[in-house]
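Just so it is clear, the model here is predicted, and its values are computed rather than measured. For ligands, and for the atoms within them, numbers begin at 1 and follow the listed sequence.
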Amino acid sequence: MAGSTRYLRYILLAFAALVVIFFISSSSSSVDDGVKSATGLLKSKGSLWKGSSTGSLQGSQGQSKDAVLESNLNASESAFEQNSSPNPKYGQVTRPSTQAPGERVNATFVTLARNGDVWEISRSIRQVEDRFNRNYNYDWVFLNDDEFDDTFKKVTSALTSGRARYGKIGPEHWGFPDFIDQDKAARVREEMHEKKIIYGDSISYRHMCRYESGFFFRHPLMMEYEYYWRVEPSIELFCDVGYDPFRYMKDNNKMYSFVLSLYEYVETIPTLWDSVKGFMEQHPEHISENNSMDWLSDDGGKTYNHCHFWSNFEIGNLEWLRSQAYIDYFTHLDKAGGFFYERWGDAPVHSIAAALMLKKDQIHFFNDIAYYHVPFTHCPTGEQKRLDLKCHCNPKDNFDWNGYSCLNRWYELHNLPKPDGYEAEQ
Ligand SMILES: Nc1nc2c(ncn2[C@@H]2O[C@H](COP(=O)(O)OP(=O)(O)OP(=O)(O)O)[C@@H](O)[C@H]2O)c(=O)[nH]1
Ligand SMILES: *[C@@H]1O[C@H](CO)[C@@H](O)[C@H](O)[C@H]1NC(C)=O
Ligand SMILES: *[C@@H]1O[C@H](CO)[C@@H](O)[C@H](O)[C@H]1NC(C)=O
Ligand SMILES: *[C@@H]1O[C@H](CO)[C@@H](O)[C@H](O)[C@H]1NC(C)=O
Ligand SMILES: [Mg+2]
């Protein structure tokens, strides 16, 4: 009796300790500490745990994370050998796949990522494969300014159904061009940091935006393809994609596509539109007659309304990006220096190019590709469509008819009737 009360007391004490740990960690700036998981929490507050000598949840002999991963993968192998699990041997698990008939397009998925993004990109790959690619087996190109490590390659190539390919970005495509004034660029980063502009003080974010704006489609691996589908870490696909979007793009002469559109943060692009106007004057031959200027501007091109397609999702034509028109456009913007003296994003850069240099019906809105990238969701409007496509998004999260979305303008540009049920989602 006395013994069990003592145990109860210990349990209560342990619980109280847990509550204290939770409050300590959530009141300190835990995001900056990088403490995002329970393991991280235990590790960082490990000293409070009596009886935990290492204060962390590492492998039993203090192995590295990679070794733990490897032995976990190996564990399923030995479980198989001991006949203790009905799962087939590691490496032999195959997803049921109904190979979609028809010819494949000359296309690939493309992901720019760091080694540290491996688990976040794995979530994305898993969803893309489950919802679409397991039936199509398109290639997947991974690009990095650094060398991909073994864990990244092992994990991602286990998840992809097509060929997984890994490319390193050369210094000529990633870094400061020589015409950039380093002191000026550093001053800007400091100012933007003080103004608390997101990624305002980041150098690598700027290299990333410039790379996505002007170079990814010229990487030697990407030169082997005609179409791309860009995938970022931690995205979600909420509905089945039961047809080939690459095929749709090709057969319908589409060059660029989007699922979400919104207004850009003005502070990051104060002079972008001036540069665009300079480009239009210098290269009127590149401006399409039947373009989408009215989607970008409310006064015939004098000012930019900041609408852009959200480029973390894109399915597009690589030949268009490699065209003289796009290269002239990118080179003009690059020379203006705004990737470093401001913080131009690849989203407005791609969007303005597509809106001005393509015919408006060469840009496609993929309503049926339901998508999430923090913090916005595109969930198709209309209940029957969501049921038919086995969607798992909450229609209340749909951003399409929100006041900050530019989709309404898109419908107006194309004189399209709003889909049934949109009022309920405003
Ligand atoms: N190799 C490499 N990839 C990067 C670097 N910075 C960003 N990326 C990748 O570039 C893409 C865009 O970066 P994100 O950090 O997602 O930028 P974002 O989408 O504007 O911001 P988040 O809201 O944080 O997702 C992602 O696929 C990243 O993995 C970098 O320095 N090196
Ligand atoms: C896992 O298995 C592979 C091949 O079967 C072997 O080379 C490797 O050493 C094993 N790793 C561990 C940690 O047991
Ligand atoms: C795919 O497109 C690239 C780029 O245009 C081209 O070089 C390559 O030959 C094409 N491959 C096939 C199989 O058509
Ligand atoms: C312009 O685009 C619209 C639809 O996007 C199309 O109906 C129209 O025919 C096009 N006009 C020309 C001149 O190409
Ligand atoms: Mg992102």
- Task: Assess whether ring-ring contact (aromatic ring centres under 6.0 Å, His included) is satisfied between Phe399 and Trp310, documenting all intermediate values.
- Result: CA-CA 12 Å; Phe399 183 68; Trp310 217 24; 7.9 Å; no

- Quick one: look up the protein heavy atom nearest atom 9 (C) of ligand 1 and list residue, atom name and how far away it is. Leu112 O, 3.3 Å

- Query: Taking only residues at least two apart or on different chains, which pairs with a member in residues 181-251 satisfy disulfide (SG to SG under 2.5 Å)?
  - Reply: Cys239-Cys391

- Query: Counting from 1, what ligand 1 atoms have a heavy atom of Pro233 closer than 4.0 Å?
  - Reply: 26 (C), 27 (O), 29 (O)

- Task: May I have the step-by-step check of ring-ring contact (aromatic ring centres under 6.0 Å, His included) for Trp410 and Phe258, ending in yes or no?
- Result: CA-CA 11 Å; Trp410 183 257; Phe258 71 100; 5.2 Å; yes

- Message: Does ligand 1 come near enough to Tyr205 that some N or O of the ligand is less than 3.5 Å from an N or O of the residue?
- Response: yes

- Item | With Arg163 via side-chain hydrogen bond (donor to acceptor under 3.5 Å, both in side chains) - residues at least two apart | Asp139

- Say whether Phe148 and ligand 1 are in contact under the criterion: heavy-atom distance to a ligand atom below 4.0 Å. no

- Query: At what distance is the nearest protein heavy atom to atom 16 (O) of ligand 1, and which residue and atom is it?
  - Reply: Glu232 OE1, 2.9 Å

- Below 4.0 angstrom, N of the basic side chain to O of the carboxylate: do Lys418 and Glu423 qualify? no

- If you look only at pairs with a residue in residues 284-337, which of them pass as a disulfide (SG to SG under 2.5 Å), with sequence neighbours excluded? Cys307-Cys406

- Task: Using a strict cut-off of 4.0 Å, indicate which atoms of ligand 3 neighbour a heavy atom of Met223.
- Result: 3 (C), 4 (C), 7 (O)

- Message: Please verify the inter-ring angle class for Tyr211 with His173; under 30° counts as parallel, over 60° as perpendicular, anything in between as tilted.
- Response: tilted

- Of the protein's non-hydrogen atoms, which lies at the shortest distance from atom 7 (C) of ligand 1, and what is that distance? Met208 CG, 3.5 Å

- Task: Is it possible for you to check whether Lys168 lies under 6.0 Å from the centre of the six-membered ring of Phe148, through NZ or CZ, and within 45° of that ring's axis?
- Result: no

- Message: Is there a polar contact between ligand 1 and Val231, counting only N or O atoms under 3.5 Å apart?
- Response: no

- Message: How far is atom 6 (N) of ligand 1 from the closest protein heavy atom, and which atom is that?
- Response: Arg114 NH1, 3.3 Å

- Item | Asp251 atom CG, neighbour heavy-atom count above 12 within 6.0 Å | yes

- Task: Would you please determine whether Asp145 falls within less than 4.0 Å of ligand 1 on a heavy-atom basis?
- Result: yes

- Message: Any nitrogen or oxygen of Tyr199, side chain or backbone, less than 3.5 Å from one on ligand 1?
- Response: yes

- Could an N or O of ligand 3 be found under 3.5 Å from any N or O of Arg322, whether backbone or side chain? no

- Query: Can a salt bridge be assigned to the pair Arg343 and Glu267 using a cut-off of 4.0 Å between side-chain N and carboxylate O?
  - Reply: no

- Lys/Arg N to Asp/Glu carboxylate O, Asp334 vs Arg210, below 4.0 Å: yes

- Task: Give the minimum heavy-atom separation between Leu318 and Tyr225, together with the two atoms involved.
- Result: CD1-O, 3.4 Å

- Can you count the protein N, O or S atoms that lie less than 2.8 Å from the Mg ion (ligand 5)? 2

- Task: Provide the number and element of each atom of ligand 3 under 4.0 Å from a heavy atom of Glu319.
- Result: 4 (C), 5 (O)

- Go through the steps to decide whether Glu191 and Arg189 satisfy the test salt bridge (charged side-chain N to carboxylate O under 4.0 Å, His left out), and finish with yes or no. CA-CA 5 Å; Glu191 281 163 27; Arg189 291 196 299 275; over 6 Å; no

- Query: Contact between His373 and ligand 1, counting heavy atoms under 4.0 Å?
  - Reply: yes

- Consider ligand 1: state whether an atom of it lies below 4.0 angstrom from any non-hydrogen atom of Asp117. yes

- Please report the C-alpha distance between Tyr411 and Trp401 in whole Å, then the side-chain angles of each, then the deciding distance to 0.1 Å, and finally whether the ring-ring contact (aromatic ring centres under 6.0 Å, His included) criterion is met. CA-CA 11 Å; Tyr411 272 71; Trp401 312 110; 5.3 Å; yes

- Note on the structure: In terms of heavy-atom contacts, Asp149 and Asn115 come closest through N-OD1, 2.8 Å

- Message: Quick test: of every protein heavy atom, which one is nearest to atom 8 (C) of ligand 3, and how far off is it to 0.1 Å?
- Response: Asn106 ND2, 3.7 Å

- Query: Is it the side chain, the backbone, both or neither of Trp310 that has a heavy atom closer than 4.0 Å to ligand 1?
  - Reply: neither

- Under 3.5 Å, N or O to N or O, is Ala113 touching ligand 1 that way? yes

- Query: Which atoms of ligand 1 sit under 4.0 Å from any heavy atom of Ser204?
  - Reply: 31 (O)

- Verify ring-ring contact (aromatic ring centres under 6.0 Å, His included) between Tyr228 and Phe246, making sure each step is shown before the conclusion. CA-CA 8 Å; Tyr228 72 102; Phe246 291 125; 8.7 Å; no

- Query: Do ligand 1 and Asn144 have nitrogen or oxygen atoms that lie under 3.5 Å from each other?
  - Reply: yes

